[in-house]
**Q** 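Got a structure here, written out as structure tokens. Questions coming.
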There are 2 protein chains.
Amino acid sequence: MSKIIIIEDDIYLREELVNTFVKKGYSVSSIPSFDAPEKEILNSAPDLAVLDINLPGKSGFELCKWLKARASFPILILTARDTLSDELYALGLGADDFLTKPCHPDRLIARAERLLQTYGKVRNLVQAGDLILDIDTYKVIWKNAHVVLSDTEGKILQVLLERYPAIVSKQDLSLVLWGGDEYVDENILQVNMTRLRKSLDVIGLRDIIQTVRGQGYRLEVREP
Amino acid sequence: MSKIIIIEDDIYLREELVNTFVKKGYSVSSIPSFDAPEKEILNSAPDLAVLDINLPGKSGFELCKWLKARASFPILILTARDTLSDELYALGLGADDFLTKPCHPDRLIARAERLLQTYGKVRNLVQAGDLILDIDTYKVIWKNAHVVLSDTEGKILQVLLERYPAIVSKQDLSLVLWGGDEYVDENILQVNMTRLRKSLDVIGLRDIIQTVRGQGYRLEVREP
DNA sequence: GCGATTCCTTACACCAACTGTAAGTGTTAT
DNA sequence: ATAACACTTACAGTTGGTGTAAGGAATCGC
């Protein structure tokens with residue numbers, strides 16, 4: 001069953017929300033502390049996040065924007081702030097739905113399930129900013145264009161996307177691509193990097209892969 | 001720019017909605033008569049449909065269900081019926097969002113744009129019921145499983161999906177697959193049909209392609 | 001029931017795309 | 001200027017996809 005994470009600081013409401021979804025059979029988690037919510041959320045790898053706006057530390061808006069630039073699960077905003085401008089702002093940041101408290105549990109469930117269903121169709125997507133990669137087929141989507149990569153090229157891009165925006169060392173890439181034990185010539189990685197760059201160039205993604213001399217490679221995606 | 005279709009029988013409200021979207025630069029159409037709305041909607045091949053519930057003839061609910069089983073664009077329900085049960089019913093039918101009249105134009109636009117964005121990510125999907133095909137990569141998604149088809153197999157399934165639920169003749173399939181002019185042995189079609197069936201069987205889609213003796217093939221998809 | 005038609009399946013060989021190897025060229029830092 | 005690092009191109013082996021061919025199974029009409 002799908003995995004849902006609740007990001008809500010009011011402990012009573014949090015428990016209530018957890019219960020609502022647990023009753024429906026979902027696997028639900030929530031975060032107890034708000035020191036580094038981003039990490040906890042990404043680590044739990046949810047299928048859906050239910051996000052409050054008024055949080056200690058980083059606001060829900062900031063969190064939403066941050067997550068949307070990196071993760072590929074839907075985000076449902078649930079907040080007591082019921083102004084139109086809040087809603088417009090949230091949707092503009094990429095939030096997938098916006099509900100105001102108090103919210104009938106049935107409505108929340110229905111909206112959440114709608115999102116899970118929609119995103120279920122496009123499972124196995126990795127994204128960073130506007131760039132999307134289907135890891136089953138290695139189809140890359142950007143703006144209005146797309147291209148299907150070969151196996152090796154796709155795997156490289158996948159690793160870069162998963163660790164975005166960090167630098168990935170050549171060694172790490174070789175490890176993932178050709179298994180760990182033996183020494184692998186790094187030339188083959190460079191060859192495939194050239195091929196990948198050429199493929200991405202076709203849809204206008206020139207210079208998206210940066211070389212960091214002596215350290216490795218990293219993606220440079222312009223934020224939405 | 002994206003194409004939006006408005007299905008609304010009140011002529012004044014319809015014009016207002018059209019204007020709202022036109023001002024934003026969208027290509028907007030609406031249907032003047034409600035004799036055969038399904039056909040008109042499908043023919044216009046929109047990127048988004050804005051749908052009223054209370055319509056002459058078929059209700060918006062029925063229309064939503066019918067479209068969702070066949071088309072792959074999002075549907076936004078916009079109605080004066082503001083009960084929770086209406087909303088739950090609409091979402092259950094597969095509607096992508098549910099707004100109540102009167103609705104602030106900015107909210108409508110924001111919600112519509114969110115749907116366009118979400119579905120834009122998964123462009124080039126053909127679907128019938130629960131079955132989805134990505135026509136760029138020929139990835140088939142059904143329930144929780146997926147499989148990537150080869151080129152020929154994918155094209156066959158695409159044709160069957162596009163004409164679903166009609167029967168497609170062997171000749172038509174040959175025409176689409178191997179071009180029109182010359183005579184083509186139908187054996188190669190049968191060979192590929194076997195291969196396609198075997199591929200689909202892997203994800204549990206046994207017997208989804210029916211043979212209609214003397215006429216051709218058709219899909220048999222159980223409705224959601 | 002029996003032949004004829006239609007449809008299905010398997011085996012095989014050709015071809016194109018992907019991949020890694022090798023060698024040479026370009027770039028950057030000291 | 002030189003060494004280290006990074007990039008590019010050409011080539012050949014392998015693999016997966018495709019069509020051909022031939023024979024087997026199911027269905028229809030009599």
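Below, chains carry the letters A, B, ... as their sequence lines are ordered, and counting in each starts from 1.
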**Q** Let me know the distance between CG of Leu149(B) and C1' of dG17(D), rounded to the nearest Å.
**A**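 Answer to the nearest Å: 13 Å.
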**Q** Grab the NZ-P distance between Lys170(A) and dC5(D) for me, whole Å please.
**A**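 About 9 Å, once rounded to whole Å.
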**Q** Assign each of Asn192(B) and Glu153(A) to its nearest nucleotide of DNA chain C by heavy atoms, then name whichever residue's nucleotide is nearer the 5' end.
**A**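 Nearer the 5' end of the strand: Asn192(B).
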**Q** Would you kindly give the CD-to-P distance between Gln190(A) and dT8(D), to the nearest whole Å?
**A**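 About 10 Å, once rounded to whole Å.
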**Q** Tell me: CG of Asp201(B) to C1' of dC8(C), nearest whole Å?
**A**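 Interatomic distance, CG of Asp201(B) to C1' of dC8(C): 15 Å.
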**Q** Between dT9(C) atom C1' and Lys198(B) atom NZ, what is the distance in whole Å?
**A**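 Atom NZ in Lys198(B) sits about 8 Å away from atom C1' in dT9(C).
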**Q** Could you tell me whether a side-chain N or O of Asp52(A) sits under 3.5 Å from a main-chain N or O of Ile7(A), the two making a donor and an acceptor?
**A**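 The answer is no, because no donor-acceptor pair under 3.5 Å joins these two groups.
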**Q** Glu113(B) and Gln117(B): side-chain donor and acceptor closer than 3.5 Å?
**A**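 No pair is found: no donor N or O on one side chain lies under 3.5 Å from an acceptor on the other.
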**Q** Within this structure, what is the NZ-CG distance for the pair Lys68(B) and Leu63(B), rounded to the nearest 0.5 Å?
**A**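 Going from the NZ atom of Lys68(B) to the CG atom of Leu63(B) covers 12.5 Å.
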**Q** dG13(D) P sits how many Å from Ile188(A) CD1, rounded?
**A**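 So the two atoms are 16 Å apart, to the nearest Å.
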**Q** Between Asp201(B) and Arg206(B), does any side-chain N to carboxylate O distance fall below 4.0 Å?
**A**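 A salt bridge links Asp201(B) with Arg206(B).
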**Q** Measure from CZ on Arg195(B) to P on dG19(D) and round the result to the nearest Å.
**A**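 Interatomic distance, CZ of Arg195(B) to P of dG19(D): 8 Å.
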**Q** Between dT5(C) and Arg213(B), counting only base atoms on the nucleotide and side-chain atoms on the residue, is there a donor-acceptor pair under 3.5 Å?
**A**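 Answer yes: a donor N or O sits under 3.5 Å from an acceptor.
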**Q** Side-chain donor or acceptor of Asn187(A) under 3.5 Å from a matching atom on the base of dT8(D)?
**A**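 Such a pair exists between side chain and base.
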**Q** For DNA chain D, whose closest nucleotide is more 5', that of Tyr217(A) or that of Ser150(B)?
**A**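 Nearest nucleotide further toward 5': that of Tyr217(A).
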**Q** So Thr211(A), base contact, sugar-phosphate only, or nothing? Heavy-atom distance under 4.0 Å.
**A**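 Sugar-phosphate: the residue Thr211(A), judged by heavy atoms under 4.0 Å, touches backbone atoms but no base.
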**Q** So, does Thr194(B) get its side chain near the phosphate of dC8(C), meaning an N or O under 4.0 Å from OP1 or OP2?
**A**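 No, because none of the side-chain N or O atoms of Thr194(B) sits under 4.0 Å from OP1 or OP2 of dC8(C).
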**Q** dG19(D) phosphate, OP1 or OP2: any side-chain N/O from Trp178(B) under 4.0 angstrom?
**A**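 Yes, such a contact exists.
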**Q** Between atom CZ in Arg197(B) and atom P in dT10(C), what is the gap in whole Å?
**A**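 Whole-Å distance recorded here is 13 Å.
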**Q** Mind listing the closest non-hydrogen atom pair of Val221(A) and Tyr164(A) along with its distance?
**A**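 For Val221(A) and Tyr164(A), the tightest heavy-atom pair comes out as O-OH, 3.4 Å.
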